[in-house]
Amino acid sequence: MMMQESVQDEYSLALGKEVPIASIDKELHLLWEADKASTNASLINLAVYSEADGAIIRNSEVVQAITREHACRALLIGIDREASEASIRAWVTAHCHLSQGRKSVCCEQIAFQLTGKATGRLRNTVFAHLNSDLPLVFWWQGELSPIFGERLYSLIDRFIFDSSDWKSPLESFRCIEQVMEEVETLQPMDIEWTRSYHIRYAIAGLFDDPLAMRAAERMNRVRIVAHPKHRVAALQLLAWMAACTGWQRSMDLGLMASSPDDHYYFESREGVDVTAVIELHPEGPPIRLIEVSCADCLVSVSREPGSAYLQQKLDAEGHVIDRCTPAGSEDASELVMNQLSMGGKNSLYRMMMPVFLDLLGGEPELPSTMSVR
């Protein structure tokens, strides 16, 4: 009993006033009546979903940071599908920040904790409290579960997830692919893909150099070194290169049958055989090195463990470029904030997806049937 009271206190301290489900709208109204000096601001609905124990409390702190930059109505959703008892609890609060040092601007937060069979009331109970005039950005944390069904994803405008958390990425990505086909307006945002943004930007920038651009069609080797937890990021990086350059998977059966793990073979539009290898290293950042080369040109972007910078190098026919640029953050919440600032439809992710699924372990597709959506 003492332990239960302690947990309840912890929830109330982090999530605000606990209220009956039927009284949420009334309590939000009273919240604003009590503080007439503050302005309620909201441009999106931001739902943060987790089935991890205690995540709803940690996510309240994350949302507090997000609302400094992005005005939203936040819905925190904690789910315990294994609990024997069915229950729904709710809390309301507001995150307030000074705007231009004078006016207090606040964002509403409604937190829900559902357990047992009550998790089936997610749509009817939780999403009844969306601001219906605003788009829904849904941040799913952890493994996909049966909760992620049509009744849920049909409501979502922008779906955020982190594939580095998945134990079976191929199965989960197949699910995401199917949803993308069913709901063409849904915008996927994989945090793992976002982690490689600065590296992709750096590689593309190096190929702006005339000598590198001229050597691009002769490039025949790619080497990527990644942390084992971020093999998906490495495969997405390779898929991005293949999709952008028009490389097709080699259909040489003998070559494919004898290839060791994490070796991939392509053929360029000019008929050049390209060999790519992904090496996993237990220390360092998610992507430690990407190196693209041919006989007379080498382009690379690397990051040393603990460094906040990327080292960019180009060596082509004696022409050398060596410079450092910021590596960007690896933190999931900061990456989400960056993506909310950038907006966009993430069309590059959709373009890369078919090649990525092929590399991840799906059935190899013939070049003529490889789609670019």
Quiz prompt | Any Leu314 side-chain heavy atom under 4.5 Å of Val320 side chain | solution = no
Quiz prompt | Atom pair OG (Ser300) and CD1 (Ile224), whose distance is rounded to the nearest 0.5 Å | solution = 12.5 Å
Self-check item: Whether Thr119 side chain and Arg81 backbone form a donor-acceptor pair below 3.5 Å
Solution: no
Quiz item: Side chain of Ser268, backbone of Val272: donor and acceptor closer than 3.5 Å?
Solution: yes
Self-check item: Side-chain touch Trp140/Ile147, heavy atoms, less than 4.5 angstrom
Solution: yes
Quiz item: Taking atom types as modelled and ignoring hydrogens, do the side chains of Asp331 and Ser329 form a donor-acceptor contact shorter than 3.5 angstrom?
Solution: no
Self-check item: Any donor-acceptor N/O pair, Asp80 side chain to Ala83 backbone, under 3.5 Å
Solution: yes
Quiz item: Thr115 and Glu85: side chain to side chain donor-acceptor pair (under 3.5 Å), yes or no, with the steps?
Solution: CA-CA 7 Å; Thr115 64; Glu85 183 181 352; over 6 Å; no
Quiz prompt | Donor-acceptor contact present, side-chain Ser196 to main-chain Glu192, <3.5 Å | solution = no
Practice problem: Quick one: pull up CG in Leu136 and CG in Leu46 and give me the separation to the nearest 0.5 Å. | Solution: 8.5 Å
Quiz item: Nearest heavy-atom pair of Pro169 and Trp166: which atoms, and what distance?
Solution: CD-O, 3.8 Å
Practice problem: Compare all side-chain heavy atoms of Ser145 with those of Glu51 and state whether any distance is below 4.5 angstrom. | Solution: yes
Quiz item: Should the pair His227 and His230 be assigned to parallel (<30°), tilted (30 to 60°) or perpendicular (>60°) ring geometry?
Solution: perpendicular
Exercise. State the NZ-SG distance between Lys313 and Cys324, to the nearest 0.5 angstrom.
Key: 9.5 Å
Exercise. Would you check, one step at a time, whether the test side chain to side chain contact (heavy atoms under 4.5 Å, CB included) holds for Arg231 with Leu280?
Key: CA-CA 7 Å; Arg231 178 173 176 267; Leu280 301 180; 4.2 Å; yes
Quiz item: Which pair of heavy atoms, one from Ile24 and one from Ala90, lies closest together, and at what distance?
Solution: CD1-CB, 3.9 Å
Quiz item: So, is the end of the Arg89 side chain (NZ or CZ) under 6.0 Å from the ring centre of Tyr11 and within 45° of the ring's axis?
Solution: yes
Exercise. Decide, yes or no, whether a salt bridge links Arg73 with Glu108 under the criterion of side-chain N to carboxylate O below 4.0 Å.
Key: yes
Quiz item: Do you reckon Met189 sits in the same ILVMFWY cluster as Leu43, going by side-chain contacts under 4.5 Å, direct or chained?
Solution: no
Practice problem: List the steps, then state whether side chain to side chain contact (heavy atoms under 4.5 Å, CB included) holds for Gln113 with Ile88. | Solution: CA-CA 6 Å; Gln113 183 73 42; Ile88 303 178; over 6 Å; no
Quiz item: So, Asn220 side chain and Asp273 main chain: donor-acceptor pair closer than 3.5 Å or not?
Solution: no
Quiz prompt | Note: Arg350-Glu184 ion pair, threshold 4.0 Å (strictly below) | solution = no
Quiz item: Counting only heavy atoms not in Tyr309, do more than 12 sit closer than 6.0 Å to its OH atom?
Solution: no
Quiz item: Just checking, Arg158 and Trp139: is the charged tip under 6.0 Å from the six-membered ring centre and within 45° of the axis?
Solution: no
Quiz item: Between Asp157 and Thr185, is a side chain to side chain contact (heavy atoms under 4.5 Å, CB included) present by the stated rule, with each step listed?
Solution: CA-CA 7 Å; Asp157 296 284; Thr185 57; 5.9 Å; no
Quiz prompt | Asn45 side chain to Asn131 backbone, donor-acceptor under 3.5 Å | solution = yes
Quiz item: For Ile56 and Gly78, which heavy atoms make the closest approach, and how far apart are they?
Solution: CD1-N, 3.9 Å
Exercise. For salt bridge (charged side-chain N to carboxylate O under 4.0 Å, His left out), just list the numbers for Arg174 and Glu177, CA-CA rounded to whole Å, side-chain angles, deciding distance to a tenth of an Å, and then say yes or no.
Key: CA-CA 5 Å; Arg174 287 296 187 198; Glu177 181 192 37; 3.2 Å; yes
Quiz item: Shortest non-hydrogen contact from Val92 to Ile110?
Solution: CG1-CG2, 4.3 Å
Quiz item: Sub-3.5 Å donor-acceptor pair from the side chain of Ser307 to the main-chain atoms of Arg303, do we have one?
Solution: no
Self-check item: Candidates Leu76, Ile21, Ile79, Leu15 - the one meeting side-chain contact (heavy atoms from CB on, under 4.5 Å) with Phe112
Solution: Ile21
Quiz item: Taking side chain as C-beta onward, heavy atoms only, is Tyr264 less than 4.5 Å from Leu235?
Solution: yes
Quiz item: Are the side chain of His319 and the backbone of Asp315 linked by a donor-acceptor contact shorter than 3.5 Å?
Solution: no
Quiz item: Heavy-atom count around Glu171 CD within 6.0 Å, excluding the residue itself: above 12?
Solution: no
Quiz item: According to a 4.5 Å side-chain heavy-atom criterion applied to Ile, Leu, Val, Met, Phe, Trp and Tyr, with indirect links allowed, do Val183 and Leu357 form part of one hydrophobic cluster?
Solution: yes
Quiz item: Any luck finding a side-chain donor-acceptor pair between Gln109 and Ser60 under 3.5 Å?
Solution: yes
Quiz item: Taking the six-membered ring for Trp, are the ring centroids of Trp193 and Tyr349 within less than 6.0 Å of each other?
Solution: yes
Quiz item: Is there less than 2.5 Å between the SG of Cys106 and that of Cys96?
Solution: yes
Practice problem: Assess the side chains of Glu182 and Tyr153: does a donor N or O sit below 3.5 Å from an acceptor N or O? | Solution: yes
Quiz item: For the residue pair Met337 and Ala65, what are the closest heavy atoms and their distance?
Solution: SD-O, 3.9 Å
Self-check item: Polar side-chain atom of Asp190 near backbone of Ser163 as donor-acceptor pair, under 3.5 Å
Solution: yes
Quiz item: Can you check side chain to side chain contact (heavy atoms under 4.5 Å, CB included) on Tyr201 and Val301, steps first, answer last?
Solution: CA-CA 10 Å; Tyr201 189 80; Val301 177; over 6 Å; no
Quiz item: Do Val274 and Met219 touch side chain to side chain, with heavy atoms closer than 4.5 Å?
Solution: no
Quiz item: Are any non-hydrogen side-chain atoms of Met351 and Cys244 less than 4.5 angstrom apart?
Solution: yes
Practice problem: Decide, yes or no, whether a salt bridge links Arg58 with Glu61 under the criterion of side-chain N to carboxylate O below 4.0 Å. | Solution: no
Self-check item: Closest approach of Arg323 to Leu206 (non-hydrogen atoms, all atoms of both residues)
Solution: NH2-CD2, 3.7 Å
Less than 3.5 Å apart, which donor and acceptor atoms pair up between the side chains of residues 288-297 and the rest of the protein, not counting sequence neighbours?
from   : atom 1 : to     : atom 2 : distance (Å)
Arg288 : NH1    : His281 : ND1    : 3.3
Arg288 : NH1    : Glu283 : O      : 3.3
Asp296 : OD1    : Arg218 : NH2    : 3.1
Asp296 : OD2    : Arg218 : NH2    : 3.0

Quiz item: Is there side-chain contact between Gln339 and Ile160, with at least one heavy-atom pair below 4.5 Å?
Solution: no
Quiz item: Is the closest side-chain donor-acceptor distance between His97 and Thr67 under 3.5 Å?
Solution: yes
Quiz item: At what distance, to the nearest 0.5 angstrom, does CZ of Phe127 lie from CZ of Arg151?
Solution: 10.5 Å
Self-check item: salt bridge (charged side-chain N to carboxylate O under 4.0 Å, His left out) evaluation trace for Lys167 with Glu143
Solution: CA-CA 8 Å; Lys167 294 178 181 175; Glu143 300 275 356; 5.5 Å; no
Quiz prompt | ring pair (Phe, Tyr, Trp, His ring centres under 6.0 Å) partner of Phe148, chosen from Phe138, Tyr49, Phe161, Phe159 | solution = Phe159
Quiz item: How about Ile176 and Leu144: do any of their side-chain heavy atoms sit closer than 4.5 Å?
Solution: yes
Quiz item: Does a donor on one side chain and an acceptor on the other come within less than 3.5 Å for Gln311 and Asp322?
Solution: yes
